[in-house]
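So the structure is just underneath, and the comments pick up after that.
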Amino acid sequence: MLMDKEKFIAGLNGLDSNNKDVICLYNEISALAMRCGTAEAEKPAARNAYYLSMEFLIGRSFYNNLLELGVLEETAEILAKKGIDISVFEEIEDAALGNGGLGRLAACFLDSAAGLGLPLHGYGIRYRYGLFKQAFKNGFQTELPDDWQRFGDPWSVRREDEKRTVSFADMSVTAVPYDMPVFGKRTNRLRLWQAEGSDEAEKISEYLYPADDTEDGKILRLRQEYFFSAASVGELLDKHVKAHGRNFEAFARYNAIQLNDTHPVLAIAELVRLLTADYKVDFAAALEIAKKTFSYTNHTVLPEALECWNGDIIKKILPDIYALLVKIHLKQKEELLAIGCAEKEIAEMAVCAYNCFSMANLALYVCKTVNGVARLHTEILKDSLFKTAYCYFPEKFTNKTNGITQRRWLMLCNKELSALIDKAIGTGWRSDISELGKLCGKTAGLADGFAEVKAEKKRQLFDYIKARDGVEIPRNFLVYAQVKRLHEYKRQLMTAFAILEIYNGLKDGSIKDFAPSVFIFGAKSASGYRRAKAVIKFINEIAVKINADAQTNGLLRVVFVCNYNVSYAEKIVAGSDVSLQVSTAGLEASGTGNMKLMMNGAVTCGTMDGANIEIVERAGAENNYIFGATVEDIERLKKEGYKPLEYLERPAHARAVNALVDGSFSDGGTGGFKELYDSLTVGAGWHAADNYFVLYDLESYVDALLKINADYKDRRVFAIKQLENVANSAYFSSDRTIKEYAEDIWEI
Ligand SMILES: *Cc1c(COP(=O)(O)O)cnc(C)c1O
């Protein structure tokens with residue numbers, strides 16, 4: 001145990017809680033836990049892995065840390081004696097230092113590594129403001145700054161003594177580390193850098209993803225990426241020299257660095273720069289060291305998310321890095337020519353083309369491994385996005401299907417289900433998640449108990465939604481949930497159309513015997529993403545209309561919860577019956593929301609995309625609801641020439657889609673709904689009509705939703721399907737993922 005429990009309990013018993021507000025208590029108890037919990041921290045490991053990520057979406061630390069330290073229950077009991085319900089700390093808002101799945105994955109990985117006792121440490125940015133707080137004004141999303149530090153930051157320690165300087169052509173910035181312990185079998189560390197020194201410098205760590213549609217915005221983003229990459233690599237190299245002298249050959253023996261997507265890829269150039277400039281290592285030798293040190297994870301095939309930096313911008317603020325990138329580019333070309341690549345192939349793989357530096361190509365060239373995040377995604381990387389690189393360097397490619405930590409996403413968010421599992425198979429699964437498989441074969445006997453747990457979690461969720469969003473949901477409604485960032489490829493709009501079709505069918509009597517249901521949405525849209533914002537407004541309009549319709553609102557309701565974040569997710573995944581994972585096949589790299597919902601016993605209603613494929617493979621096709629075009633179908637449609645208008649000939653579809661423009665709903669004069677309609681029917685300069693195949697998949701989607709609805713009527717049989725998902729979810733624990741990274745990539 002990494003905690004002095006007695007000291008903590010004594011401290012907690014002695015805590016004077018009179019006249020103290022929640023924030024004050026939160027800070028005092030957290031500080032006490034930090035004092036008792038970090039004494040043994042930082043046992044140095046010989047070889048460490050480092051996870052460089054622009055985002056760490058850790059959410060609320062309070063409950064999770066107390067759970068990891070093994071004192072959550074006792075804390076609740078002691079506080080209860082003082083008349084304090086431990087749930088009051090839900091008032092403390094999340095640290096939302098991330099945007100979505102990629103950042104949440106980073107947090108799950110740190111949790112799992114600590115839980116397994118593996119030395120993996122995080123490096124990122126300590127943003128002054130996290131991802132914006134979402135509010136709805138008349139159904140439109142508005143964005144408010146997320147001042148998360150106003151609750152204090154008791155889980156971080158500022159390390160003034162380890163601050164460093166990061167230099168740009170026009171300024172020097174001080175990078176001050178803030179360390180957060182990651183508790184588990186061993187205490188690891190998440191080190192977040194804060195930029196200081198001048199107003200200009202402070203801007204670097206002010207916001208997560210500031211707008212980058214202007215040149216200034218792009219420069220700021222580049223500064224952010226270089227800032228944390230350089231501070232992290234610089235520190236690792238300094239430590240190495242201190243411990244091992246100038247034996248740089250050994251650097252890769254002690255350090256493995258994982259680049260979470262392309263944002264930290266400049267770390268490669270920085271390591272080469274430091275070795276060559278500060279230590280006079282020969283360029284080729286320095287590059288070889290980098291080749292042994294770095295690994296890269298790709299998270300998306302969407303072209304707009306593959307970063308390319310204009311050479312002029314790099315040259316302006318990072319001239320030395322620019323010069324090195326050019327050198328690396330030339331070296332790459334030489335190597336590719338030597339192994340017989342054609343001009344065209346070299347152009348495809350080149351670090352630089354037409355003065356644009358491709359971060360993905362730089363990573364592909366230098367990194368020893370490149371991994372996708374689900375089996376299908378890795379296959380797509382090999383077959384299309386990185387096809388040429390795969391052809392020449394197949395040994396670099398590997399798959400690491402994502403996972404989620406069962407500590408936050410089952411034990412913490414669903415104590416009731418956890419207790420049911422304890423009763424059925426004992427508590428061994430809590431320390432070895434693979435034991436969850438012991439539930440297989442027991443699901444029929446547990447069906448009633450599970451149905452009770454689910455009903456309780458729904459009641460809690462509905463109470464929470466009522467309190468937070470003011471929407472009433474009657475008990476025992478079937479819960480369909482689509483919670484994830486708002487993006488066209490995730491197709492929340494398709495769900496909106498499906499709801500309208502069901503609503504219309506209930507009204508005209510063509511849909512009968514419908515089990516009362518609610519559709520729950522949670523999503524933030526990027527602030528400049530007009531279409532995504534129009535989808536939010538559209539769904540909010542639909543919700544107002546449907547929830548107010550006395551003829552149907554005993555059967556159907558819709559709610560778009562405001563400010564979806566990790567803490568809201570904890571409630572929703574536990575209380576949902578159906579997990580909507582309906583991305584266009586080939587576009588969702590993995591998804592992790594799908595895994596959280598599965599582990600809490602939701603059936604998946606989804607396309608053959610990302611990790612859905614592996615979920616269904618394990619939990620059984622008969623226990624899930626797969627529909628829609630496959631990757632092959634989409635390719636064929638594109639080749640044949642997809643004509644979305646043909647699918648609008650179906651009257652039910654036409655009616656739902658026309659609701660965008662026939663006056664049924666108002667977009668407040670913004671033109672947003674017409675823009676959505678046009679994107680489906682005529683396209684735009686930069687993409688074809690219905691680029692995401694919404695109209696093609698709509699019919700089979702509605703059928704799948706209705707099939708689930710019909711199946712739900714036999715509650716027992718449905719509960720067994722849900723339990724089969726729980727029983728087969730161990731594979732989707734990030735403990736499994738981290739073991740694979742540790743064995744195959746990091747060798748820690
Ligand atoms: C898990 C999670 C995500 C990722 O969801 P996907 O459905 O995989 O896109 C995004 N945001 C939050 C708050 C999460 O907890």
Side-chain angles (χ1 to χ4, degrees), residues 53 55-61 64 93-112 130-134 146 148 208-209 260-261 299-302 305 372-374 376-377 401-410 412-414 480-492 495 520-526 532 560-576 578-584 587-600 602 604-607 609-615 729 732-734 737:
S53 180
E55 308 179 20
F56 285 91
L57 189 48
I58 41 191
R60 210 182 263 130
S61 296
N64 198 63
E93 288 172 14
D94 288 20
L97 307 185
N99 179 28
L102 174 149
R104 186 52 233 174
L105 184 77
C108 281
F109 279 5
L110 292 186
D111 184 275
S112 278
L131 184 61
F132 65 84
K133 267 171 71 174
Q134 181 187 54
D146 170 49
W148 64 280
L208 170 75
Y209 298 134
N260 195 27
D261 216 319
H299 285 272
T300 179
V301 297
L302 294 182
V373 289
L376 173 72
H377 170 59
T401 298
N402 281 168
I404 52 156
T405 167
Q406 68 276 9
R407 285 164 290 274
R408 183 177 292 261
W409 296 111
L410 178 53
L412 199 63
C413 76
N414 204 336
Y480 297 90
Q482 187 170 16
V483 287
K484 46 187 71 258
R485 283 178 302 120
L486 214 130
H487 199 287
E488 285 167 282
Y489 88 81
K490 292 180 181 274
R491 300 199 294 190
Q492 284 94 348
T495 308
I520 297 175
F521 292 90
K524 290 179 187 176
S525 157
F560 203 127
V561 305
C562 193
N563 203 40
Y564 176 64
N565 59 11
V566 171
S567 291
Y568 220 137
E570 290 170 16
K571 309 274 180 195
I572 293 173
V573 299
S576 295
V578 185
S579 164
L580 301 177
Q581 307 297 338
V582 303
S583 51
T584 314
L587 296 184
E588 186 72 270
S590 163
T592 50
N594 47 3
M595 301 169 184
K596 299 167 195 164
L597 282 150
M598 175 203 200
M599 200 176 266
N600 283 274
T604 296
C605 174
T607 48
D609 198 18
N612 296 352
I613 295 171
E614 291 160 76
I615 286 176
S729 64
F732 301 100
S733 161
S734 43
T737 317

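Quick caveat, the model's predicted, so the values are computed rather than measured. FYI, side chains are in, hydrogens and waters are out, and symmetry mates aren't considered; it's all heavy atoms of this structure. Note that ligands are numbered from 1 as they come in the structure, with each ligand's atoms numbered from 1 the same way.
Per-residue contacts place Val483 under 4.0 angstrom from the following atoms of ligand 1 (heavy atoms of the residue considered): 7 (O). Of all atoms in ligand 1, listed by their number and element, those nearer than 4.0 Å to a heavy atom of Asn565 are 13 (C). Listed by number with element, the atoms of ligand 1 under 4.0 angstrom from any heavy atom of Gly101 are 3 (C), 4 (C), 10 (C). Interface of Gly591 with ligand 1, defined as ligand atoms under 4.0 Å from a residue heavy atom, comprises 8 (O).
Neither the backbone nor the side chain of Tyr568 comes within contact range of ligand 1; no heavy atom lies under 4.0 Å. In Ile404, neither the side chain nor the backbone holds a heavy atom less than 4.0 Å from any atom of ligand 1.
Ligand 1 has no nitrogen or oxygen under 3.5 angstrom from a nitrogen or oxygen of Trp409. At under 3.5 Å, not a single nitrogen or oxygen of Arg485, backbone or side chain, sits near a nitrogen or oxygen of ligand 1. The distance criterion of under 3.5 Å between nitrogen or oxygen atoms is met by Gly593 with respect to ligand 1. Between Thr592 and ligand 1, a contact under 3.5 Å exists for at least one N or O pair. For a threshold of 3.5 Å applied to N or O pairs, the pair formed by Lys596 and ligand 1 contains at least one separation below that value.
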**OP:** Dump the intermediate steps for salt bridge (Lys or Arg N to Asp or Glu O under 4.0 Å) on Asp111 and Arg408, then the final yes or no.
**Re:** CA-CA 9 Å; Asp111 184 275; Arg408 183 177 292 261; over 6 Å; no
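In this structure, Asn594 contributes its side chain and Ser579 its backbone to no donor-acceptor pair below 3.5 Å. With hydrogens and angles disregarded, no donor-acceptor distance shorter than 3.5 Å links the side chain of Asp146 to the backbone of Lys133. One N or O on the side chain of Gln492 and one on the backbone of Arg485 form a donor-acceptor pair closer than 3.5 Å.
Protein heavy atom closest to atom 7 (O) of ligand 1, with residue, atom name and distance, is Lys484 NZ, 2.7 Å. Here the heavy atom of the protein found nearest to atom 12 (C) of ligand 1 is Tyr564 CE2, 3.7 Å. At the shortest separation from atom 9 (O) of ligand 1 among protein heavy atoms lies Lys490 NZ, 2.8 Å.
A heavy-atom separation below 4.0 Å is not found between Met595 and ligand 1.
At a cut-off of 3.5 Å, with distance as the only test, a side-chain donor of Ser567 or Asp94 sits close to an acceptor on the other residue. For the 3.5 Å distance criterion, the side chains of Gln581 and Lys484 qualify, holding a donor opposite an acceptor.
Here the closest non-hydrogen pair linking Leu597 and Ser576 is CD2-CB, 3.7 Å. Heavy atoms only, all atoms of each residue included: Arg491 and Ser583 are closest at NH2-O, 3.4 Å.
Rounding to the nearest 0.5 angstrom, the gap separating the NZ atom in Lys524 from the OH atom in Tyr564 is 10.5 Å. Between the CE atom of Met595 and the OG1 atom of Thr401 there is a distance of 6.5 Å, given to the nearest 0.5 Å.
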